2 protein chains.
Amino acid sequence: MGKPRPSAPTISEVAAAAGVGRATAARTLGGYGYVSAEMRDRVLAAADELGYRTNQLARSVSTGVSHTIGVVVADISNPFFGGVALGISEVASARGFDALVLSTAEHLDEEISAVNVLVDKRVDGIILSSAACAADSTAHLQLPNEQGIPLVLLDRLIPGLDLDAVVIDNRAAARHATSELIRAGHTRIGFIWGPPVAGRIEYRRELVEAARRNLWSDGERLAGYLDALDDAALPLDLDHVMLGEKTEARAYEAVTRMVALDAAPTAFFCTETDALTGTLHALRDAGLSIPQQVSIIGFDDSSWAAVMNPPLTMVRQPMLELGRQAAELLLSRIDAAGEASHAVQRELSAEFVERASVAPAPDER
Amino acid sequence: MGKPRPSAPTISEVAAAAGVGRATAARTLGGYGYVSAEMRDRVLAAADELGYRTNQLARSVSTGVSHTIGVVVADISNPFFGGVALGISEVASARGFDALVLSTAEHLDEEISAVNVLVDKRVDGIILSSAACAADSTAHLQLPNEQGIPLVLLDRLIPGLDLDAVVIDNRAAARHATSELIRAGHTRIGFIWGPPVAGRIEYRRELVEAARRNLWSDGERLAGYLDALDDAALPLDLDHVMLGEKTEARAYEAVTRMVALDAAPTAFFCTETDALTGTLHALRDAGLSIPQQVSIIGFDDSSWAAVMNPPLTMVRQPMLELGRQAAELLLSRIDAAGEASHAVQRELSAEFVERASVAPAPDER
DNA sequence: CTGTTAGCGCATTCAC
DNA sequence: GTGAATGCGCTAACAG
């Protein structure tokens, strides 16, 4: 037993010091059961005399409740997940729960080990934003439930699975944004941040297929873009959708390539912050001005977007609310403790923030 | 004993199923002590037959080690702390530790209760960015050490206390940024994000005093600004430093007021993102162009800064590295387990990222 | 109301 | 090598 700690007084020591039985000390210190006022005072006095602090770990193994929830996201430094994490901890801590947060860098194997760690640490529940897409490779998402630990999916659904989830209506948001561009007269709209496929894609069907094999949220945004095109009976130009690795640098390249096309897009819809900054960079280097020559709409509003020149029209996601609702749902599951009931899926809607980066399409050149 | 869990097999059950003693099962499952190959195989087989998972909580109460560290910051949704948190979890998880992260909203009472929670949950160490400034109100920072739990301060020092810490050289960074403005010919430089004092301030001494009663990092940045002014023998104009609540809205008001002055600043140094966006807003509404009419330097570089018009010159803080080093220091303390040795204070330096928002001061009007 | 006693799941000492 | 026995700090029946 390696116990290097300076000692940390136990309940027994407090009981001894107060001259009462362990149970009495345990009751007053644990705040349960009956105990007379004077006994309590003696115990309390002895307790803070010795500097007693409850060992929650020991309590947890005894009660089976850790008052800790697990949160697994791709990247806690991403403002989106940061906002979500804050929302979660707000409601969790108000109810006496703390969050163990793990980042997976979007790697499935890290996600799997994160879930294992959380289960082993006996968290009372898990909120997880999965990188898994296909319904295969999702065995780790079953594990918690098998162990009686509620799990709620965050921001990304897994099509085949019937699990609790709280997400954003990405598809509707993307459809709306794209249609706003169309309404302004644009017919050639670049979609930045496509599915990360390697080769070239020839048919729409392949595109949809590729999207479906990736992050749910990304796929939904692409679907919304396609919806809007269909609504307006506009053709899909595969040269106008970015494919490949999702980095700012690749977005830059993609946009640079697109603006050199004969049928260059006159507007861009960027589905993530890095996609947007890459696009902005490319547009500047190409000498194109916003919104006179090209219109633009981004995703993930930030205080920066409002101070740009021009202020950028954005799709704002309710990150805090997403976190809060996920936490509330999870806590209600924890309260219900195993009572079966089918999966709940909540969908929050994103807000369209209109500013000044969308203008009527320029005349055809 | 409320144990609603579907059962979770224990080491004893595995031992029984494998037909060996508990200890043998414990040894192979715990990976310690001697055990013959065939016994091990039997145990392992029984283990995954039953779906055995180690109860780390129970192990922790037994060993006194939880393999969990606590991280307490003001706001996990702030990209700065998000970056720090990522850095921490990178090195922590590589060593088998997970992070319990708590946000305090810069409230001292929440910070205190956060520390208590962490101590009670028996984390192996704590990394904390404190809102405490004066050396009073810091009793909670002693608690962990008394309990044998290492604590390392992050980003903010507490002047009176001799604790481990990893910080940024805010003063030097601010001094450098300000001096760059001076070098460009500016003599009236606005400092946005001052100490949050209520009334009016008449003397430099009061200003320094007010800063000292607040966040260490903020005070250092102000000190660096003052240093640069002194270096150049420039007078301090108290009307050029923002006082009051630190919000984007107040920054907007402060800048709006400053640009209306007879002796209006021709440059601004903004020490935080919200201060910067507030300033940018105010400048735009005042019809002032950057950098022709006013130069500007911000703190906390972001990918947005590079795509602004003009690209903004910024002070970039090594957030990830700050987190990594704090975690490394903490883990080394955990390894050392109580061996006394005096406090280590590491100081990382911020990087000055020169872009295009600083230009020579316009001619005096 | 109080104290005795028996767990919780795992680690660890010590005879066999 | 192996397994019985004891302990970690706390909760929780159960008598008194």
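To find a chain, count down the sequence lines: A is the first, B the second, and so on, and within it residues start at 1. The analysis underlying the following values was restricted to heavy atoms, covering all of them including side chains, and did not include hydrogens, waters or symmetry mates. Keep in mind it's a predicted model, so treat the numbers as computed, not measured.
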So, OP1 or OP2 of [N]: does either fall under 4.0 Å of a side-chain N or O from [X]?
{"X": "B/R22", "N": "D/dG3", "answer": "no"}
{"X": "A/Y34", "N": "D/dA12", "answer": "no"}
{"X": "A/S12", "N": "D/dC10", "answer": "no"}
{"X": "B/T24", "N": "D/dT2", "answer": "no"}

Nucleotide [N], atom [atom2] - distance to [atom1] of [X] in whole Å:
{"X": "B/I11", "N": "C/dT12", "atom1": "CD1", "atom2": "P", "answer": "11 Å"}
{"X": "A/K121", "N": "C/dG9", "atom1": "NZ", "atom2": "P", "answer": "19 Å"}
{"X": "B/R42", "N": "D/dG3", "atom1": "CZ", "atom2": "C1'", "answer": "13 Å"}
{"X": "A/Y52", "N": "D/dG9", "atom1": "OH", "atom2": "P", "answer": "10 Å"}
{"X": "B/L29", "N": "C/dC10", "atom1": "CG", "atom2": "P", "answer": "8 Å"}
{"X": "B/M39", "N": "D/dG1", "atom1": "CE", "atom2": "C1'", "answer": "9 Å"}
{"X": "A/N55", "N": "D/dG9", "atom1": "CG", "atom2": "C1'", "answer": "6 Å"}

Hits for side-chain contact (heavy atoms from CB on, under 4.5 Å) against B/V117, two or more places apart or cross-chain, chain-then-number order -> A/D98, B/K121

On DNA chain C, more 5' by nearest nucleotide between A/E38 and B/Y32 is A/E38

Which of these nucleotides, [options], is closest to any side-chain atom of [X]?
{"X": "B/V61", "options": "D/dG1, D/dC8, D/dC10", "result": "D/dC8"}
{"X": "A/T63", "options": "D/dA12, D/dC10, C/dT12", "result": "D/dA12"}
{"X": "A/V20", "options": "C/dC1, C/dA11, C/dG3", "result": "C/dG3"}
{"X": "A/T10", "options": "D/dC10, C/dT12, D/dC8", "result": "D/dC10"}
{"X": "B/A23", "options": "C/dA11, D/dC10, D/dG3", "result": "D/dG3"}

One thing to verify: whether A/D124 and A/R333 come together as a salt bridge, which I'm taking to mean a side-chain N less than 4.0 angstrom from a carboxylate O. no

Electrostatic pair B/R53:B/D48 at N-O distance under 4.0 angstrom: no

For the residue pair A/S12 and A/R22, establish whether any side-chain heavy-atom pair is separated by less than 4.5 Å. yes

Query raised in the report: Does any non-hydrogen side-chain atom of B/V71 lie less than 4.5 Å from one of B/F81?
Result: no

Of B/A58 and B/G19, the one whose nearest nucleotide on DNA chain D sits closer to the 5' end is B/G19

Within the modelled atom types, does a donor on one side and an acceptor on the other bring the side chain of B/R27 and the base of D/dG3 under 3.5 Å apart? yes

Test for a donor-acceptor pair under 3.5 Å between the base of C/dG7 and the side chain of A/S62, counting only N and O atoms.
yes

